[in-house]
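Quick notes on the structure that follows.
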Amino acid sequence: MRFLKILLLVLSAWLATLAPVAALEAVEVPANADAIDLTSAVDLYSGTGASLQVSTAPGADGIVRRIEVNSRDDENTSWAVFALSNPGDEQIDRLIVAPFFQLVGSRLIWPDLGASRIASITPSQGIAPERQSSQEADVFLVTLDPGAVVTYVVELRTENLPQIRLWEPDVYKDTVNAYTLYRGIILGISGLLALFLTILFVVKGTIMFPATATLAWSVLAYLTIDFGFWNKVLQITPGDEQLYRACAEVALAASLIIFLYAYLNLNRWHIRYSHLALATLILVLGLLGVAVWDPSVAAGIARISLGIIGVLGFAIIVALVAQGYDRAIMLVPTWVLLLSWLVGAGMTVTGALANDIVQPALAGGLVLVVLLIGFTVMQHAFAGGAIAQGLISDVERRALALTGCGDIIWDWDIDRDRISTGNEVEELLGLKQGLLEGPARDWLDVLHPQDRDTFRGTLDAVIDQRRGRISQAFRLRSEDGHYRWFRLRARPIIGSDGEVIRCVGTLLDITEQKVTEERLLHDAVHDNLTGLPNRELFLDRLQAALARARAEGLARPSVLMIDLDRFKQVNDSIGLSAGDSILLTVARRISRQLKPQDALARLSGDTYGLLLLSEQSADRVAAFADAIRRAVRSPITFGDQEVFLTSSVGIAIYEGNEGDVSAPEMMREADMAMNHAKRMGGDRVEVFRPSLQSSGASRVELEADLRKALNTDGITVFYQPIVRLADRSIAGFEVLARWNHPRRGAVSPTEFIPIAEQSGLINELGLFVLDRSARQLSEWQSKFRVPVPHFISVNVSSLQLLRHELINDVKQVLSRSALAPGTLKLELTESVVMANPEYSARMLERLRGLGAGLSLDDFGTGYSSLSYLQRFRFDTIKVDQSFVRPNGRSARPVILRSIIALGHDLGMQVVAEGAETESDSLELHQLGCEFAQGFLYGQPMEASEATKLLQAEMEALSA
């Protein structure tokens, strides 16, 4: 038997040598101990894998055993081992408590923000510990038998175990209840304070209150996270509140910045304070995004930021106290308390303070700091007063007004020859104090050289004349060499002997005003987009060049007019911003071709003017213009597409032997040459020649003849029949304007309509056609009584639609002519309506309200979007003739049928244009089209012929 015991002891010792760790020392658990700290008695094992082999603490018999514990999820690699012994003769129950979060020792950098620490506890003998419900810690109930020595293997969820204690259950319950009561009191005070400050903000409206309320709510949010209140409200998994804790600490730092900026009103002192506060706030708020990625990193930066903000805030407060700022003075005691709190918090997180009461004390101290801040804010906000109550003298009123306006007082003591400005000018200029406090001649060294004589002469004149006022603007040099503008307004003071003894006034810094004036002057003669000179400055430079050419007879200036071809289509397709970029690119390309003596200007939207002085011969000028044309032709890359542009260049060369030509004439000649290049197809260079003036004069002459024709009824109104396909009866007419020129004969509408639009005569022409056709329709309706009155369709251009006077014109026409409602139809194309959709919608609605009908012309050739058909309520749509005439394409009938069906579904009548044959008419009728017009039913005719046509139709019906 003795041999067997010896063998067991040897075997145990051998097994202990095979174990990865040494045997533990058990912690004795007295029956009367309320709590035992086991943190230092725990052995931690990290990276040991999903299982752990460990030697147990020696039992009562001194034998060391070995146990192996496997992880529950086969992924755990962190373990903790400790042993407990019950030296008494009674069974005892204890609670093993591992808090989720401990502020003590949580670290400043990469802090431990808390988590569930223990996954399970496995004893070497006895019943496994039972987990107890808790929102603040991992709590397990263990039972120790009398004389037992039990080794516990703890499976950890984290790599560290900041604290683990053994509590007597009743004592732990009483401690938790006591802390709960304390936390409730703290939360109640903090919540009431935040609510009270919020109500004060609503009532008072001062910016200090929302800033202070933000700080109070941030503190309340931090405390609710720290006390575990939100764990119950938001049902957060115990130990998973790291993100919320990190965000609360970030919010605490950000709200402290907001309060400091708002309370001290830092924007009134210097812009650097605002920039510093804004930059710091943005950086701190950026930690909220970092918290989503890694809460520990965000919380660490927030803790460091909180300390930096406290120190910088104190430095700012001290600086403002030195200037006598009352708000800063009132905040000093509270901020000292805040710094003390920050020191205590820093010592706690680094582990220098490890008392159990430190964390609750810091929470209470934080509420105390906010409470004192709230009292300070309220004391300042409600303790305001006014200046002295009652009447003040005129001198005091003037002094107060001068103080309020902020001007610098300028005082020149003439007897002592001493100028005084109170050091404010030196501060603005960055000069040494007292440099301008002396004789008037000392100012001459700082004055701009161009202003010295004026300054000296003004002062001498005041002294000599002993009257008048000084109102002078001059420049003073700052320390860095730049000049600032000042305006001096002063008046002399006459002594008893009639001589000037003083000169007193104000000095105002007007640098920004002068800079604005210079900018306005620059913008007045320069293009805002490209920065090039505009037409006025270009014309001035051309006049100067012509004057030099006449005087010296050497350099002959040439004017190049450069206009981009089809730029409007490019601008409409890629957008205005891209069009502006193209204009800038073209300007840079042209500028690279210039020499220093040449000048480039932007004359209008896509037209550039170039004053060429570097080339003199006609051949060289033409070659230069062609080089510019080729430079513009190079593709412009915009995004993922390339834009190809061409240009038309017109040249006007100054010839000294051809008379005294003016600058406007040269520009007009270059413009004529450029327009000729465009008429020839664009992408070419044309030199002005006298023969080009005839075409321009012809256009001007045609415009004058058109104006005369409108005044003498030279315009004739023609009517083209619109028939009803059901019975081939005339339903109405489309009104067309025709011009038979006395010398040129018939002028095509495609020729005189653009001239009318460019000259502004389109409005008079439209009103003339509208009034003449409405009167004729009124006559027809009164003479020919039919069940459905005849109608007329009058075309309206975009310029007419954009004029608000169109409403009055239609109203007057309808009032003068007794027309059936809806029989005066206004025809508009899709492009006219979509040029300005918002304005067009309002105009069309008002026209409909007057009783006019609305017809959409050339449907299918423009935007063809269903959205505008729903938005703009037309009565009729006119199908373009390209869909009516057979073109050999199989899709034409399908598209035509769809358009007619679409119009009917939208409640509109359909008119088809271009019906030339009986087969066209039959097809349209079978497709359900109501009306048609074309040469099959009649060409445009005068009113008398249309009347005869209607008369013949009425006689045929009555026969």
Side-chain angles (χ1 to χ4, degrees), residues 268 270-271 387 392-526 536:
R268 62 170 286 189
H270 201 283
I271 192 65
I387 309 177
I392 58 176
S393 65
D394 184 65
V395 175
E396 292 172 332
R397 186 179 296 109
R398 290 177 179 271
L400 290 174
L402 186 60
T403 303
C405 71
D407 291 355
I408 302 171
I409 299 176
W410 187 85
D411 180 17
W412 181 27
D413 187 346
I414 298 176
D415 291 339
R416 296 189 301 164
D417 190 16
R418 179 178 179 83
I419 295 178
S420 176
T421 59
N423 298 328
E424 295 181 62
V425 178
E426 289 92 344
E427 293 178 1
L428 284 173
L429 299 175
L431 302 176
K432 182 181 179 181
Q433 289 189 1
L435 183 63
L436 299 179
E437 298 285 334
R441 62 177 178 272
D442 292 348
W443 281 59
L444 300 179
D445 297 333
V446 186
L447 278 166
H448 193 279
Q450 297 179 0
D451 300 330
R452 292 172 184 171
D453 293 339
T454 305
F455 181 78
R456 183 190 300 109
T458 302
L459 297 186
D460 293 341
V462 169
I463 296 176
D464 294 340
Q465 298 179 10
R466 295 184 293 277
R467 58 185 175 84
R469 291 178 180 270
I470 299 176
S471 181
Q472 181 186 1
F474 49 78
R475 288 159 287 183
L476 295 177
R477 187 183 67 252
S478 60
E479 181 65 23
D480 56 3
H482 293 84
Y483 285 90
R484 298 186 68 88
W485 280 92
F486 291 88
R487 179 175 298 279
L488 174 63
R489 287 192 178 96
R491 63 178 300 172
I493 299 177
I494 308 300
S496 58
D497 56 354
E499 297 294 331
V500 179
I501 59 174
R502 305 186 79 90
C503 193
V504 181
T506 59
L507 197 63
L508 180 63
D509 184 2
I510 58 170
T511 304
E512 294 184 1
Q513 177 183 340
K514 283 291 185 178
V515 171
T516 303
E517 291 177 359
E518 293 175 0
R519 186 182 299 113
L520 290 175
L521 290 175
H522 178 274
D523 293 343
V525 292
H526 286 80
E536 287 74 16

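The structure displayed is predicted, hence computed values, not measured ones. As a basis for the values below, the full set of heavy atoms in this structure was taken, side chains included, without hydrogen atoms, waters or symmetry mates.
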About how many Å separate [atom2] of [Y] and [atom1] of [X], when rounded to the nearest 0.5 Å?
{"X": "Arg475", "Y": "Lys514", "atom1": "CZ", "atom2": "NZ", "value": "8.5 Å"}
{"X": "Asp453", "Y": "Thr458", "atom1": "CG", "atom2": "OG1", "value": "10.5 Å"}
{"X": "Arg519", "Y": "His526", "atom1": "CZ", "atom2": "NE2", "value": "14.0 Å"}

>> Checking Ile470 against Leu459 for the side chain to side chain contact (heavy atoms under 4.5 Å, CB included) test, could you report, in this order, the C-alpha distance in whole Å, the side-chain angles of both residues, the deciding distance, and whether it holds?
In response: CA-CA 8 Å; Ile470 299 176; Leu459 297 186; 3.9 Å; yes
>> Let's go through Trp443 and Phe474 carefully: what are the C-alpha distance in whole Å and the side-chain angles of both, what is the deciding distance for side chain to side chain contact (heavy atoms under 4.5 Å, CB included) to 0.1 Å, and is it a yes or a no?
In response: CA-CA 11 Å; Trp443 281 59; Phe474 49 78; 4.3 Å; yes
>> Tell me whether the count of non-hydrogen atoms from other residues, nucleotides or ligands lying under 6.0 Å of NE2 in His448 goes above 12.
In response: yes
> Under the 3.5 angstrom rule, does the side chain of Arg452 hit a backbone N or O of Leu447 as a donor-acceptor pair?
Replying inline: yes
> Judged by atom type as modelled, is there a donor-acceptor pair below 3.5 Å linking the side chain of Thr511 to the main-chain atoms of Trp485?
Replying inline: yes
> What heavy-atom pair brings Ile510 and Arg487 nearest, and what distance separates the two atoms?
Replying inline: CD1-CB, 3.8 Å
>> Show the nearest heavy-atom pair for residues Asp413 and Ile501, with the distance to one decimal.
In response: OD1-O, 3.8 Å
> Should Arg484 and Leu476 be marked as a side chain to side chain contact (heavy atoms under 4.5 Å, CB included) after you check the CA-CA gap, both sets of side-chain angles, and the distance that decides it?
Replying inline: CA-CA 5 Å; Arg484 298 186 68 88; Leu476 295 177; 5.7 Å; no
